[in-house]
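Report on the structure given below.
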Amino acid sequence: MITDARVLQPEFIPREVQHRDAEVNYLSSVLNPITEGQRADPALLHGPSGVGKTCIAQFLVEQLREAVVDLNYQYVNCWEDHSRFKTLYRLLDGIGRTVDVHRQSTPKDVLLERLRNADETPYVVILDEVDQLEDKSLLYDLYRIPHLTMILISNDEEGLFAAIDDRLNSRLTDCERIRFRSYHEEELVAILTDRVRWGLAEDVIDTRRLELVAANAAGDARVAIGILRRAARKAKHESVAEITADIIQEETPEAKSEIKQKTIDRLTTDQELLYNIISEHGKITPQKLYESYCATAGDPKTKRMVRNYLSKLEHYNLIRAEGNTKARIYRTRV
DNA sequence: TATCCACAGGAAGCACTGGCCG
DNA sequence: CGGCCAGTGCTTCCTGTGGATA
């Protein structure tokens, strides 16, 4: 049934990046100066999740690395490295310059200096989930490093630019913004067809069923691939010769919650607790939520900190916050 | 309409942690 | 070892906002 499990993993970068020709070509042309040893303008990829932003950025950087001999590259996920220090540290790590970075010998922004003075080798940097970066002025500082090219990735463009001050905003006007829309159903089918060809035995699933998978995924390729993977495993496990519509329907909610779970796994204990309270209630007022949180948490944090947690949850589409002031209600995302 | 107050989110500063150095 | 110091998570203090109430 499954001949190559790798192609069913969401991280797999397909040889042909399908149905993103316009975006691929555009980003490719933005990055083109690098092939001549020049820096490229920063690029901002934005759009909903599961539409290939990270995938395509990595795909194109890989291509660059094949074409350009002398090219440094680093991928940073700003959810994980959200402080200025950690992001800078990761960037130095990418060019092997962290060995002698010690706390005491690093007064303010020695890290940045070091990055600036590293060498002239072009350095391409992907900053994923850049909206999670606390100190956005780091982007301004990075922009001023001559040999460094930034590829920024964000779910929502508005939120990002609201957080960036004018100084940086004016710089980023020559930033190339590339919007990624959701996949159409036919596009998802085409993507799935490729994965099926590479990864599954023949006649396991027909186009009509793939259309069902695509419809259930609602434009999100990660969900589509997740459904396919789970369905294939299930069919294999039950020794059924093909993936039926029933299996697909059964595995759709499973695949969706699997992806949601991946986000939840990245939360801290307190954040997860808050998320669970909101899920249980469906919708809840800030007051009730905080009471309930204090009753359950071993070491409850202050309201202010809880608000920080909640905005993080909201940002990650796990919850929704309605209303701005007194009448605010938190509810789960459907 | 005026007043009240729950709430959001910025700013500053505090406490803790863990390397480093004399 | 003890003092020092940067990074980080957190609290404290604060201002502005808008729905609720008299």
Side-chain angles (χ1 to χ4, degrees), chain A residues 74 76-94 96-116 127 129-142 154-169 263-275 277-278 281-333:
Chain A
Q74 179 71 313
V76 183
N77 186 314
C78 297
W79 172 293
E80 274 135 36
D81 299 315
H82 48 83
S83 72
R84 181 188 178 89
F85 178 83
K86 277 196 177 164
T87 303
L88 275 171
Y89 190 90
R90 185 76 63 190
L91 292 181
L92 282 170
D93 203 30
R97 293 301 170 93
T98 52
V99 261
D100 54 345
V101 172
H102 302 304
R103 286 162 190 267
Q104 199 156 1
S105 61
T106 54
K108 269 239 164 295
D109 277 338
V110 162
L111 273 72
L112 186 65
E113 277 310 306
R114 186 158 306 199
L115 193 59
R116 190 178 292 133
L127 297 177
E129 312 196 50
V130 66
D131 41 318
Q132 289 296 306
L133 193 62
E134 265 148 36
D135 182 5
K136 302 289 192 297
S137 70
L138 176 61
L139 299 179
Y140 176 76
D141 295 327
L142 292 179
S154 170
N155 303 31
D156 78 310
E157 186 191 20
E158 289 164 31
L160 179 65
F161 279 95
I164 292 174
D165 64 31
D166 295 341
R167 181 181 55 158
L168 184 59
N169 248 327
T263 311
I264 294 171
D265 287 344
R266 299 199 292 179
L267 302 176
T268 65
T269 320
D270 288 288
Q271 290 166 351
E272 197 177 338
L273 182 55
L274 287 163
Y275 174 74
I277 294 169
I278 297 170
H281 288 76
K283 60 173 186 176
I284 191 168
T285 63
Q287 195 184 353
K288 289 250 181 218
L289 175 59
Y290 191 68
E291 277 169 23
S292 180
Y293 161 76
C294 286
T296 330
D299 175 24
K301 306 295 184 295
T302 57
K303 283 188 182 174
R304 182 67 189 89
M305 202 57 207
V306 164
R307 283 203 290 275
N308 284 346
Y309 294 155
L310 288 169
S311 66
K312 195 125 186 163
L313 295 183
E314 189 193 3
H315 199 96
Y316 264 76
N317 288 333
L318 290 168
I319 64 165
R320 216 142 46 93
E322 288 169 4
N324 261 330
T325 58
K326 213 177 170 181
R328 175 164 279 208
I329 283 179
Y330 291 104
R331 56 172 83 231
T332 41
R333 198 96 193 178

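Predicted model, so just to flag it, every value in this text is computed and none were measured.
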Options dT8(C), dA8(B), dG19(C), nucleotide nearest the side-chain atoms of Y330(A)
dA8(B)
Assign each of R307(A) and K326(A) to its nearest nucleotide of DNA chain B by heavy atoms, then name whichever residue's nucleotide is nearer the 5' end.
K326(A)
Length of the CE-C1' vector between M305(A) and dA11(B), whole Å:
15 Å
Among L310(A), N308(A), T302(A), exactly one meets side chain to side chain contact (heavy atoms under 4.5 Å, CB included) together with V306(A). Which residue is that?
L310(A)
Closest contact, heavy atoms only, R114(A) versus L92(A):
CG-CD2, 3.8 Å
Taking only the side-chain heavy atoms of T325(A) (C-beta and beyond), determine which of dT17(C), dC10(C), dA8(B) contains the nearest atom.
dT17(C)
So does Y89(A) get a side-chain nitrogen or oxygen closer than 4.0 Å to the phosphate oxygens (OP1/OP2) of dT8(C)?
no
Do any side-chain nitrogens or oxygens of R328(A) fall under 4.0 Å of OP1 or OP2 in dA8(B)?
yes
Check each of L133(A), L127(A), V130(A) against V76(A) using the side chain to side chain contact (heavy atoms under 4.5 Å, CB included) test, and report the only one that passes.
L127(A)
Taken to the nearest whole Å, NZ/K136(A) to C1'/dG9(B) is 14 Å
Taken to the nearest whole Å, NZ/K303(A) to P/dA6(B) is 8 Å
S83(A) side chain near dG7(C) phosphate (N/O to OP1/OP2, under 4.0 Å):
no
Can you name the nearest heavy-atom pair linking R328(A) to G323(A), along with the distance?
NE-O, 2.9 Å
Donor-acceptor pair under 3.5 Å, R304(A) side chain vs dG10(B) base:
yes
Just how far, in rounded Å, is C1' of dA8(B) from NE2 of H315(A)?
17 Å
Check the phosphate of dC10(C) against Y309(A), side-chain N and O only, distance under 4.0 Å to OP1 or OP2. Yes or no?
yes
Check the distance between dA6(B)'s P and E322(A)'s CD and give it to me in whole angstrom.
21 Å
Derivation of the salt bridge (charged side-chain N to carboxylate O under 4.0 Å, His left out) call for E113(A) and R116(A):
CA-CA 5 Å; E113(A) 277 310 306; R116(A) 190 178 292 133; 2.6 Å; yes
Select one nucleotide: of dC10(C), dC7(B), dG19(C), the one nearest the side-chain heavy atoms of Q287(A).
dC7(B)
In whole Å, I'd like the distance from the CG atom of N308(A) to the P atom of dT12(C).
14 Å
Atom CZ of R84(A) and atom C1' of dA6(C) are separated, to the nearest Å, by 14 Å
Rounded to the nearest angstrom, tell me the gap between atom CD1 in I329(A) and atom C1' in dC7(B).
13 Å
